[in-house]
Protein chains: 4
Amino acid sequence: MTQDLFNSLIAAQKTKTEKQKKIIEIAIKLFADKGFANTSTAEIAKLAKVSEGTIFKHYGTKDKLLLSIILPFVKDSLPTMATEVFSEVLTEDTKTFEQFLTGFLKNRIEFFDRNKEIFRVFVKEIIYKDELKKEIAPHFIKNISLQISRVVEEFKLRGELKDKPTDQVLIYLMTVCGSFFVSRFVLFENYSISDEEVENFVHFVMDGIRNPLSEVSS
Amino acid sequence: MTQDLFNSLIAAQKTKTEKQKKIIEIAIKLFADKGFANTSTAEIAKLAKVSEGTIFKHYGTKDKLLLSIILPFVKDSLPTMATEVFSEVLTEDTKTFEQFLTGFLKNRIEFFDRNKEIFRVFVKEIIYKDELKKEIAPHFIKNISLQISRVVEEFKLRGELKDKPTDQVLIYLMTVCGSFFVSRFVLFENYSISDEEVENFVHFVMDGIRNPLSEVSS
Amino acid sequence: MTQDLFNSLIAAQKTKTEKQKKIIEIAIKLFADKGFANTSTAEIAKLAKVSEGTIFKHYGTKDKLLLSIILPFVKDSLPTMATEVFSEVLTEDTKTFEQFLTGFLKNRIEFFDRNKEIFRVFVKEIIYKDELKKEIAPHFIKNISLQISRVVEEFKLRGELKDKPTDQVLIYLMTVCGSFFVSRFVLFENYSISDEEVENFVHFVMDGIRNPLSEVSS
Amino acid sequence: MTQDLFNSLIAAQKTKTEKQKKIIEIAIKLFADKGFANTSTAEIAKLAKVSEGTIFKHYGTKDKLLLSIILPFVKDSLPTMATEVFSEVLTEDTKTFEQFLTGFLKNRIEFFDRNKEIFRVFVKEIIYKDELKKEIAPHFIKNISLQISRVVEEFKLRGELKDKPTDQVLIYLMTVCGSFFVSRFVLFENYSISDEEVENFVHFVMDGIRNPLSEVSS
DNA sequence: AATGAATGAGGGTTCATTCAT
DNA sequence: AATGAATGAACCCTCATTCAT
């Protein structure tokens with residue numbers, strides 16, 4: 001079982017005070033809810049029942065506070081997670097790419113569901129902070145896409161997937177899955193995803209929307 | 001030819017002064033670039049070569065300035081556009097859904113390309129402003145999805161599309177296309193989309209990534 | 001007559017508001033009294049009966065406020081003054097260096113007396129701000145010492161002054177006069193200097209403290 | 001040989017811990033460099049490798065920390081020093097006031113050189129702290145001037161010095177020597193004073209800048 | 001219609017100081 | 001004796017907004 005990212009984050013800085021934990025907890029909540037720029041340190045302090053000074057004692061800057069939320073999420077945990085994901089999802093029992101994709105999505109849904117708020121913070125801020133967009137996002141994408149591309153190639157060999165350039169397949173998968181997560185977790189905030197929905201989604205990704213009996217099929 | 005949205009916006013409030021136009025122009029640029037919360041009215045005033053007073057004389061509030069950018073984009077222009085789009089894209093010559101989808105994407109790409117910055121403002125702010133998310137987005141979505149669903153049903157009847165619930169197909173299409181636009185126009189800012197890329201994309205949407213010769217095909 | 005430096009400073013930035021004048025006036029007073037670091041912008045605002053925002057609207061930064069007090073004092077006014085001083089003090093009637101020195105000191109005393117507080121600010125801050133010490137002080141010193149050295153050389157030629165290297169004489173004069181001003185205006189704040197004191201001082205500078213009849217005289 | 005003031009200061013409070021010594025050492029350095037108001041206790045603590053608590057445990061207040069640096073310098077050490085100075089400098093070999101003054105300056109130069117930083121702190125803070133200016137400076141001045149005035153009077157009797165009021169001579173000497181030390185040790189920080197410079201300086205103090213052969217001599 | 005000086009609430013941040021351990 | 005987490009007042013500064021001109 002993948003360990004809880006949230007806890008790993010909380011534990012990142014050794015011997016974190018109760019107050020520090022509370023600050024991070026509240027900050028995540030507020031950043032996720034109202035966005036970084038619209039959240040004041042005063043508000044965080046108040047809700048965390050901490051003086052404003054304490055926040056700055058520990059995190060130095062509002063920006064660093066944000067980073068100390070996002071960085072562990074991306075740098076430490078995600079890669080680790082990624083490996084685990086594939087070892088969990090890609091077992092001998094995984095006979096088809098369809099199985100893999102379904103497993104992958106369900107695994108990530110469960111993961112993002114558990115870390116829903118940090119994910120929201122991450123998505124919302126990546127739009128604004130160039131340092132995030134230009135340094136961290138690629139790091140993040142490369143790591144994931146590398147893993148997936150191996151799976152794609154494996155199943156291309158096995159003949160289940162079309163013999164299209166792996167790049168193209170990958171971009172399509174990333175676009176489609178990324179959007180799946182973002183729309184479900186960030187846009188429609190309190191939306192819970194059913195197994196059925198996942199399966200429908202996977203079906204479309206695998207076979208498209210065209211009627212295979214249609215003579216116009218390419 | 002679809003009229004330029006930007007101009008329609010500019011013209012919305014009749015007899016707009018040169019100063020007003022300049023304010024809107026600069027505001028769009030800055031909001032798109034740095035986000036609403038990170039842009040100060042002082043900066044807008046300075047770049048628009050206008051006094052701060054003038055901005056507030058015309059728009060009353062920074063929030064109202066934002067709305068006076070986004071609302072025309074959504075309320076006035078998009079629906080009009082929508083109709084035009086379909087009348088342009090869905091002619092007698094449109095023999096297949098694939099043709100339609102390709103035409104639709106190309107048309108929208110050209111449109112968003114022309115209104116790239118307002119689109120960026122819109123996407124960035126819809127995440128934060130509940131009034132946008134809860135009132136305008138649905139308005140927007142309903143309008144578009146209504147039109148598309150008619151097309152989908154038409155081509156289901158003609159047998160080109162699978163006989164899946166229209167809702168499901170629609171959600172898939174919206175997710176996939178939305179993501180296509182957002183990732184290309186908002187995330188990767190200076191990205192230009194080739195015809196080839198569109199065609200590859202359409203291909204995957206239509207037929208998925210599975211090798212049709214694979215015996216596991218459902 | 002030398003124009004009032006204070007007024008020239010006040011007039012430096014054309015069309016200064018009443019509030020701006022008041023800010024500068026109060027800031028000079030407080031900086032002179034308690035020092036720059038110990039004066040808060042809030043206090044300046046309060047005493048100047050102005051909102052804190054106004055201060056920053058006009059001067060941008062507390063540091064720039066300080067500079068906008070000191071720079072005009074040093075850069076614009078002092079050089080001008082310097083020329084005037086010498087043209088006033090060094091007339092055909094100036095028969096001796098002693099006369100010159102007495103005139104110079106009295107002129108400067110009157111000047112510093114009128115600009116006592118800015119002088120205090122200047123002296124107090126030059127100790128801390130490296131930019132002042134390294135850029136402005138030399139500018140200041142060079143300007144003055146150049147003028148004085150010419151006078152010294154003139155009177156060396158006339159035989160009134162010893163045939164010592166001009167540098168040495170200059171350094172002594174600057175040290176001694178600088179100290180005279182600083183001790184009287186900065187250290188003992190409300191001290192007024194009598195003509196008699198000036199004359200005694202000049203006497204010592206000219207002839208030293210040794211009894212000329214003493215046979216040990218070098 | 002005069003004992004090192006620094007050590008005497010360090011030893012003042014008996015059984016000073018290593019940490020206490022380190023605190024004082026760093027505080028002197030920082031106060032001398034950046035001034036009292038611009039130095040934070042946090043910085044002292046960090047550089048002294050001590051917790052902030054420790055500083056306040058020992059010194060109660062940042063102000064008291066300053067005093068515990070300056071007071072020993074003025075109250076304990078200077079008077080002692082003073083006596084020593086005079087007993088060292090004013091021996092039977094001291095035939096002339098010129099000799100005495102040269103000896104005195106060299107002795108003080110050596111002393112201030114060794115305690116350069118405390119001297120800097122003292123000079124910088126005496127400008128701001130009224131308690132220093134009004135209580136300690138006079139104490140300091142009285143002590144020194146008392147001693148010097150005795151020497152001056154002695155040499156007036158011996159006929160080497162002019163028969164001017166001792167007060168006047170004293171003020172001149174204090175002004176001139178004070179300035180000599182302050183300009184060399186506080187203003188030009190890393191300046192080392194040559195014997196030659198001292199002798200030139202003494203020469204001017206003794207005999208002034210006027211050419212004795214000049215008929216205008218008073 | 002347009003200006004720009006002025007505002008004051010609030011923002012992020014610093015800092016001397018306290019106190020439980 | 002020493003720590004360092006915590007405090008909260010004060011600090012410098014920003015900003016949307018107002019208003020007299």
Side-chain angles (χ1 to χ4, degrees), chain A residues 15-20 23 37-46 48-65, chain B residues 15-20 23 37-46 48-65, chain C residues 15-20 23 37-45 48-65, chain D residues 15-20 23 36-46 48-65:
Chain A
T15 58
K16 228 172 211 167
T17 330
E18 282 307 311
K19 306 237 172 197
Q20 283 188 63
I23 290 169
N38 304 311
T39 303
S40 75
T41 52
E43 194 179 359
I44 297 172
K46 195 175 160 195
K49 277 165 195 151
V50 150
S51 82
E52 252 186 292
T54 303
I55 295 178
F56 288 93
K57 204 83 189 177
H58 287 302
Y59 300 97
T61 290
K62 198 190 164 195
D63 264 291
K64 284 200 209 141
L65 173 60
Chain B
T15 59
K16 228 172 211 167
T17 23
E18 280 306 311
K19 307 238 172 197
Q20 274 173 285
I23 291 170
N38 302 314
T39 304
S40 73
T41 51
E43 195 180 358
I44 297 172
K46 195 176 158 197
K49 279 164 195 152
V50 149
S51 81
E52 278 189 72
T54 304
I55 295 179
F56 287 92
K57 210 75 181 174
H58 286 302
Y59 300 97
T61 290
K62 197 188 165 195
D63 265 291
K64 284 198 209 142
L65 172 60
Chain C
T15 58
K16 230 173 209 165
T17 329
E18 281 308 310
K19 307 238 171 196
Q20 282 188 63
I23 290 169
N38 303 311
T39 303
S40 75
T41 51
E43 195 179 358
I44 298 172
K49 278 166 195 148
V50 148
S51 82
E52 251 187 293
T54 303
I55 296 179
F56 288 94
K57 203 85 191 174
H58 288 302
Y59 300 98
T61 290
K62 197 190 166 195
D63 264 290
K64 284 199 207 142
L65 173 60
Chain D
T15 58
K16 228 172 211 166
T17 21
E18 280 307 310
K19 307 236 170 199
Q20 274 173 285
I23 290 170
F36 177 76
N38 304 311
T39 304
S40 74
T41 52
E43 195 179 358
I44 298 171
K46 194 176 161 196
K49 278 163 195 154
V50 149
S51 81
E52 277 189 74
T54 304
I55 294 178
F56 288 90
K57 209 76 182 175
H58 286 303
Y59 301 97
T61 290
K62 196 190 166 194
D63 265 291
K64 285 199 207 143
L65 172 60

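Within every chain, numbering begins at 1; the chains are lettered A, B, ... in the order of the sequence lines, protein sequences first and strands thereafter.
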message = Does F:dT3 have OP1 or OP2 under 4.0 Å away from a side-chain N or O of D:Ser51?
response = yes

ask   = Got a donor-acceptor contact below 3.5 angstrom from the D:Thr61 side chain to the D:Lys64 backbone?
value = no

remark   = Rounded to whole Å, CD1 of B:Ile55 lies from P of F:dC15 at a distance of 13 Å

query = According to a strict under-4.0 Å criterion, is A:Lys19 in side-chain N/O contact with OP1 or OP2 of F:dA6?
reply = no

note = DNA chain F nearest-nucleotide lookup for D:Gly53 and B:Ala42: closer to the 5′ end is D:Gly53

key: Side-chain N,O (B:Thr41) to OP1/OP2 (F:dT17) below 4.0 Å   = no

ask   = Does a nitrogen or oxygen in the side chain of B:Thr61 sit under 4.0 Å from OP1 or OP2 of F:dA16?
value = no

task = Identify the nucleotide, in any strand shown, that forms a Watson-Crick or G-U wobble pair with F:dG8, with both distances under 3.5 Å; if there is none, say none.
result = E:dC15

message = Once rounded to the nearest 0.5 Å, what's the spacing between atom NZ of D:Lys46 and atom OG of D:Ser40?
response = 9.5 Å

query = Taking OH from B:Tyr59 and C1' from E:dA1, how many angstroms apart are they, rounded to a whole number?
reply = 13 Å

inquiry  = Can you measure A:Ile44 atom CD1 to E:dT13 atom P for me and round it to whole angstrom units?
reply    = 11 Å

query = Roughly, in whole Å, what's the span from CD in B:Glu52 to P in F:dC15?
reply = 10 Å

request  = Can you tell me the distance, in whole Å, between the NZ atom of A:Lys46 and the P atom of E:dG11?
outcome  = 11 Å

inquiry  = Go nucleotide by nucleotide along DNA chain E from the 5' end; which of B:Val50 and D:Gly60 gets its closest nucleotide reached first?
reply    = B:Val50

request  = Please check the phosphate of E:dG10 (OP1 and OP2 only) for any side-chain N or O of A:Ser40 closer than 4.0 Å.
outcome  = no

request  = Respond yes when some side-chain nitrogen or oxygen of A:Thr54 is under 4.0 Å from OP1 or OP2 of F:dA5, and no when none is.
outcome  = no

message = From NZ of A:Lys62 over to C1' of E:dT14, roughly how many Å is that when rounded to an integer?
response = 17 Å

ask   = Do any N or O atoms from the side chain of A:Thr17 and from the backbone of A:Gln20 form a donor-acceptor pair under 3.5 angstrom?
value = no

message = Tell me which nucleotide, if any, is Watson-Crick or G-U wobble paired with E:dT21 when both distances must be under 3.5 Å.
response = F:dA2

Straight-line distance of B:Glu43 CD to B:Thr41 OG1, nearest 0.5 Å = 10.0 Å

Any C:Lys57 side-chain nitrogen or oxygen under 4.0 Å from OP1 or OP2 of F:dC15 = no

note = From CD of C:Gln20 across to P of E:dG4 the rounded distance in Å is 13 Å

message = Do D:Ile44 and D:Lys62 have side chains that approach each other closer than 4.5 Å (heavy atoms only, starting at C-beta)?
response = no

message = How many whole angstroms separate atom NZ of C:Lys16 from atom C1' of E:dG4?
response = 17 Å

task = Could you tell me whether the phosphate oxygens of F:dA6, OP1 or OP2, come under 4.0 Å of any side-chain nitrogen or oxygen in A:His58?
result = yes

inquiry  = Does a side-chain N or O of D:Thr17 approach OP1 or OP2 of F:dA2 to a distance below 4.0 Å, or not?
reply    = yes

inquiry  = Taking the side chain as everything from C-beta on, heavy atoms only, tell me whether B:Ile23 gets closer than 4.5 Å to B:Leu65.
reply    = yes

